[in-house]
Amino acid sequence: MAETDKNPNGPAISKRIKISKTQQQTLLIVLVAAVVLGICGVLMVYFGKYIGFNSKVIEAKDQAISDYEKTITNVGLCRDTNKDGKFSDEEIRKCNPDTLDSSTMPGSLRYNVMMNMANNTDLESVARESQKDCFDANGDKIDWQKKFDETENDEEKSRYMSMLKMCSALRVIPDALPAQANEEALMSSLNQIFNISAWDPEALSPSGNVVSSTEGLSTIPVSLSVEADSAKTMTVLNNIERSIRTFDLQTATVSWSGQNYLALQSQGVAYYTEDADVVESNKTVYASNNAKKKSTSGSNSGSKK
């Protein structure tokens with residue numbers, strides 16, 4: 001019986017094949033792990049940037065909410081019921097500025113106007129005490145502030161607010177600095193000054209167009225012509241100086257004619273305030289400084305075009 005030939009290298013070759021397969025599997029596992037690790041790294045960077053960007057957005061929103069809360073507190077629009085320095089959605093929802101008692105809002109603009117300025121005797125106009133609607137049948141001054149605070153009817157509040165302005169020192173504010181360019185009221189103020197000075201001008205009319213001077217403040221040109229004896233002319237100028245409304249005489253020409261006869265030609269302005277609104281600003285949050293630079297450069301290039 002013949003013996004079968006056996007390859008002495010057979011086991012070694014078989015081992016090499018098995019090792020080769022194991023190495024391939026290990027290499028494949030390493031590659032897969034590397035890919036997974038790379039993907040995880042990319043996702044970590046992405047989510048890190050995403051979280052960082054959202055943190056900036058949340059921070060900007062928190063700052064905006066804080067600014068609104070400061071505005072509400074400073075103006076005196078709502079009451080902070082729990083005294084935590086913040087306004088919850090429930091507090092904002094229940095807030096009605098027209099029903100608030102001004103005396104309970106110390107430190108706010110509302111309190112300073114309604115409680116301090118309205119009762120400031122230094123601002124009280126002399127003619128205000130002659131308003132018959134400011135007094136009751138017994139001759140006592142009506143407390144329109146109390147009526148305003150106690151009522152919740154919008155029409156009554158509007159009426160009481162008008163009476164409060166007319167019967168308190170607040171009335172002096174629109175007299176001194178009106179809220180609109182009313183040339184008729186300006187001519188009336190000048191005519192009153194002339195009447196107090198016992199001088200009758202030949203003509204009285206506006207001079208030129210309204211000019212905006214500074215932010216929130218505009219001017220109406222005024223032309224003043226006085227031809228009288230020196231005492232009368234000085235009386236007119238003194239009463240203009242004493243007027244509660246400011247008349248800024250910028251140029252003047254004085255000439256003498258005859259004995260003790262003075263002619264004055266002057267150009268000036270009177271002031272009034274423009275409408276004031278709450279200015280809201282917009283803030284753009286960028287994910288990175290590079291994004292901010294690209295956006296800024298893009299805006300600049302677009303503006304140049």
Side-chain angles (χ1 to χ4, degrees), residues 74-75 109 112-114 116-118 120-131 161-162 164-258 260-281:
N74 293 338
V75 176
L109 177 63
N112 290 332
V113 172
M114 296 299 186
N116 293 338
M117 295 182 66
N120 191 323
T121 56
D122 293 333
L123 293 177
E124 188 68 48
S125 174
V126 176
R128 208 59 53 218
E129 296 294 336
S130 63
Q131 294 288 341
M161 175 57 70
S162 298
L164 176 61
K165 292 178 179 178
M166 184 178 72
C167 298
S168 71
L170 295 179
R171 185 65 183 88
V172 78
I173 297 175
D175 285 345
L177 192 61
Q180 57 184 353
N182 191 332
E183 293 182 345
E184 289 77 10
L186 173 62
M187 295 299 103
S188 177
S189 298
L190 282 174
N191 189 58
Q192 184 180 8
I193 293 174
F194 296 151
N195 289 336
I196 295 174
S197 306
W199 181 72
D200 187 17
E202 294 182 359
L204 189 61
S205 61
S207 174
N209 299 321
V210 174
V211 179
S212 179
S213 52
T214 60
E215 184 177 356
L217 192 65
S218 295
T219 61
I220 303 176
V222 176
S223 179
L224 178 64
S225 177
V226 181
E227 295 183 7
D229 60 79
S230 58
K232 186 71 65 179
T233 301
M234 292 304 300
T235 300
V236 173
L237 291 177
N238 288 333
N239 286 331
I240 289 177
E241 183 68 24
R242 294 171 55 192
S243 172
I244 192 172
R245 184 165 187 177
T246 300
F247 293 93
D248 187 5
L249 301 182
Q250 299 173 336
T251 62
T253 302
V254 179
S255 59
W256 293 89
S257 176
N260 203 30
Y261 194 81
L262 185 65
L264 171 68
Q265 300 289 336
S266 178
Q267 299 291 330
V269 294
Y271 298 96
Y272 74 95
T273 58
E274 298 176 342
D275 293 337
D277 298 319
V278 177
V279 179
E280 293 186 345
S281 59

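These numbers come from the heavy atoms of this one structure, side chains and all, not from hydrogens, waters or symmetry mates.
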Worksheet entry | OG on S188 to CD on E183, rounded to 0.5 Å | 13.5 Å
Discussion item. A185: which residues meet the side-chain contact (heavy atoms from CB on, under 4.5 Å) condition with it, sequence neighbours left out?
Written reply: N182
Practice prompt. State whether the side chain of N191 and the backbone N or O of M187 hold a donor-acceptor pair below 3.5 Å, judged by distance alone.
Written response: no
Item to complete: Would you please name every residue forming a side chain to side chain donor-acceptor pair (under 3.5 Å) with S225, sequence neighbours left out?
Response: Q265
Practice prompt. Please identify each residue that fulfils side-chain contact (heavy atoms from CB on, under 4.5 Å) with N74, with sequence neighbours left out.
Written response: K70
Discussion item. Test of understanding: with side-chain contact (heavy atoms from CB on, under 4.5 Å), list the residues that count as partners of L109, not counting sequence neighbours.
Written reply: V113
Fill in: T273 side chain vs P178 backbone, donor-acceptor pair below 3.5 Å
yes
Item to complete: Would you please name every residue forming a side chain to side chain donor-acceptor pair (under 3.5 Å) with S266, sequence neighbours left out?
Response: none
Discussion item. Is any side-chain heavy atom of Y272 closer than 4.5 Å to one of L186?
Written reply: no
Discussion item. Taking the side chain as everything from C-beta on, heavy atoms only, tell me whether L224 gets closer than 4.5 Å to F247.
Written reply: no
Discussion item. Is there a side-chain contact between V226 and K232 in this structure, where contact means two heavy atoms from C-beta onward sitting under 4.5 Å apart?
Written reply: no
Practice prompt. Spell out, as yes or no, whether a donor-acceptor pair under 3.5 Å connects the side chain of T235 to the backbone of A231.
Written response: yes
Discussion item. With rounding to the nearest 0.5 angstrom, report the CG to CG distance, N195 to L190.
Written reply: 11.0 Å
Fill in: Heavy-atom side-chain proximity of L237 to L264 below 4.5 angstrom
yes
Item to complete: Under the side-chain contact (heavy atoms from CB on, under 4.5 Å) rule, collect the residues that match up with N116, sequence neighbours excluded.
Response: Y111, N112
Fill in: Minimum side-chain heavy-atom gap V236-F194 below 4.5 Å
yes
Fill in: Partners meeting side chain to side chain donor-acceptor pair (under 3.5 Å) with E241 (sequence neighbours left out)
none
